[in-house]
Amino acid sequence: MYTTHPYEIPFAKAWAKKANVELKMVEEPLTEATVDWAKDFDAVTTLQTNAIDDPEVYEKLANFGIKQISLRMVGFDTINFEAAKANNIKITNVASYSPRAIAEMGVTQAMYLLRQIGTFKARMEQDHDFSWNETLISNEIYNCTVGLIGAGHIGSATAQIYKALGARVLINDLSYDPALEPYAEFVDRETVIKESDIISLHVPLLPSTKHMIGADEFKQMKNSTFLINMARGGLVDTQALINALENGEIAGAGLDTLANETEFFGQTNAPDDVIPADYKKLEAMPNVVITPHVAFFTKTAARNMVEIASNDAVTIANGGKTKNEIRF
Ligand code: NAD
């Protein structure tokens with residue numbers, strides 16, 4: 001188990017005990033410098049953003065009799081698929097580890113914004129102002145219309161939570177899922193944009209979805225609308241979002257992702273010059289809440305990432321097949 005994070009250790013130990021597997025955990029990523037540590041083992045897992053580029057890694061794994069690399073994560077752009085193919089190394093990922101984790105973070109941010117907690121906090125902290133007035137009066141969630149763009153794993157979990165809270169839920173998705181009828185109405189994107197008090201994005205970033213929310217969309221939204229983006233920063237034109245917030249075209253935004261987040265999310269003590277100007281503008285607004293791509297980060301998700309990848313590793317080592325294998 002390469003790139004073991006401290007929060008994974010209890011889940012990994014519990015899995016190994018239950019599965020009766022000898023598990024070695026190391027902090028380092030899988031690279032040409034560390035691949036030799038896998039000798040005498042039957043399978044490997046990793047959760048790393050460092051590329052596994054060097055063909056030697058795949059050659060060595062094959063020589064050790066290892067048939068796979070199981071990623072304890074969704075993204076597989078770290079893999080050198082050519083080298084994996086040449087050495088018959090199968091790759092698995094964990095495509096869905098806890099849709100509820102991301103759904104709950106989106107709803108949490110929406111409710112924080114709806115009750116203007118950031119604004120109250122700023123008034124109290126900056127001015128010792130403990131008063132309230134007509135500009136700070138809120139809507140209640142069950143009177144809101146919530147529009148979701150994308151209702152796959154995460155969007156459908158989000159729809160169910162908002163429905164349980166009593167909100168009217170609208171969904172715009174390329175495909176229609178009759179299982180979601182009890183929770184939501186399927187509508188076109190324009191209806192979501194124009195009618196929603198909360199708009200929550202749950203689509204992948206593709207050429208067709210890049211900047212799907214830009215200046216035109218903000219102009220069509222109600223001034224009281226909150227935008228929630230737990231999916232990918234590139235779905236939103238960040239400069240248009242800043243303009244819309246500054247001009248009062250929308251009421252606020254909850255963001256777990258930003259287009260340029262790889263420049264600074266995940267760092268500790270990030271130097272001021274690496275922090276982008278657009279982030280600084282957004283962060284200073286009390287009606288904006290930003291988290292550093294941690295919507296996934298729950299105990300359930302961490303446990304599932306460890307267990308699903310580890311089970312896949314054992315299955316492939318034993319000559320079996322798993323639905324999480326990436327075709328290439
Ligand atoms: P999914 O594939 O299950 O669902 C995506 C949905 O979007 C599908 O139903 C698809 O039909 C729909 N869709 C695609 N293009 C569309 C379009 N142009 N208009 C309307 N609908 C469209 O994916 P998921 O597991 O629900 O994840 C959604 C996104 O959440 C991921 O792509 C990822 O970017 C993001 N995510 C974020 C975190 C986090 O920690 N913040 C964690 C995991 C995933």
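Just so it is clear, the structure is predicted and the values come from calculations on it, not from any experiment. Indexing begins at 1, ligand by ligand and atom by atom, following the structure's order.
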(request) Test Asp272 against Lys280 for salt bridge (Lys or Arg N to Asp or Glu O under 4.0 Å), laying out the working first. (result) CA-CA 10 Å; Asp272 194 58; Lys280 287 182 183 166; 3.2 Å; yes
Which protein N or O atoms sit under 3.5 Å from any N or O of ligand 1? Give atom names and distances.
{"from": "ligand 1", "atom 1": "3 (O)", "to": "His153", "atom 2": "N", "distance (Å)": "2.9"}
{"from": "ligand 1", "atom 1": "3 (O)", "to": "His153", "atom 2": "ND1", "distance (Å)": "2.7"}
{"from": "ligand 1", "atom 1": "9 (O)", "to": "Gly152", "atom 2": "N", "distance (Å)": "3.4"}
{"from": "ligand 1", "atom 1": "9 (O)", "to": "Asp173", "atom 2": "OD1", "distance (Å)": "3.4"}
{"from": "ligand 1", "atom 1": "9 (O)", "to": "Asp173", "atom 2": "OD2", "distance (Å)": "2.7"}
{"from": "ligand 1", "atom 1": "11 (O)", "to": "Asp173", "atom 2": "OD1", "distance (Å)": "2.6"}
{"from": "ligand 1", "atom 1": "26 (O)", "to": "His153", "atom 2": "N", "distance (Å)": "3.3"}
{"from": "ligand 1", "atom 1": "26 (O)", "to": "Ile154", "atom 2": "N", "distance (Å)": "2.8"}
{"from": "ligand 1", "atom 1": "34 (O)", "to": "Ala231", "atom 2": "O", "distance (Å)": "3.3"}
{"from": "ligand 1", "atom 1": "34 (O)", "to": "Arg232", "atom 2": "NH1", "distance (Å)": "3.4"}
{"from": "ligand 1", "atom 1": "40 (O)", "to": "Phe296", "atom 2": "N", "distance (Å)": "3.2"}
{"from": "ligand 1", "atom 1": "41 (N)", "to": "Met230", "atom 2": "O", "distance (Å)": "2.9"}
{"from": "ligand 1", "atom 1": "41 (N)", "to": "Asp256", "atom 2": "OD2", "distance (Å)": "2.9"}

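- A donor-acceptor contact shorter than 3.5 Å links the side chain of Gln48 to the backbone of Leu30.
- From Leu174, atom CG reaches atom CG of Asn172 across 7.5 Å, with rounding to the nearest 0.5 Å.
- With a 6.0 Å radius and a threshold of 12 heavy atoms from other residues, nucleotides or ligands, Glu82 has its CD atom at or below the threshold.
- The side-chain heavy atoms of Arg123 and Ser131, taken from C-beta on, include a pair separated by under 4.5 Å.
- Below 30°, between 30° and 60°, or above 60°: for Phe296 and His293 the angle between ring planes is above 60°, a perpendicular geometry.
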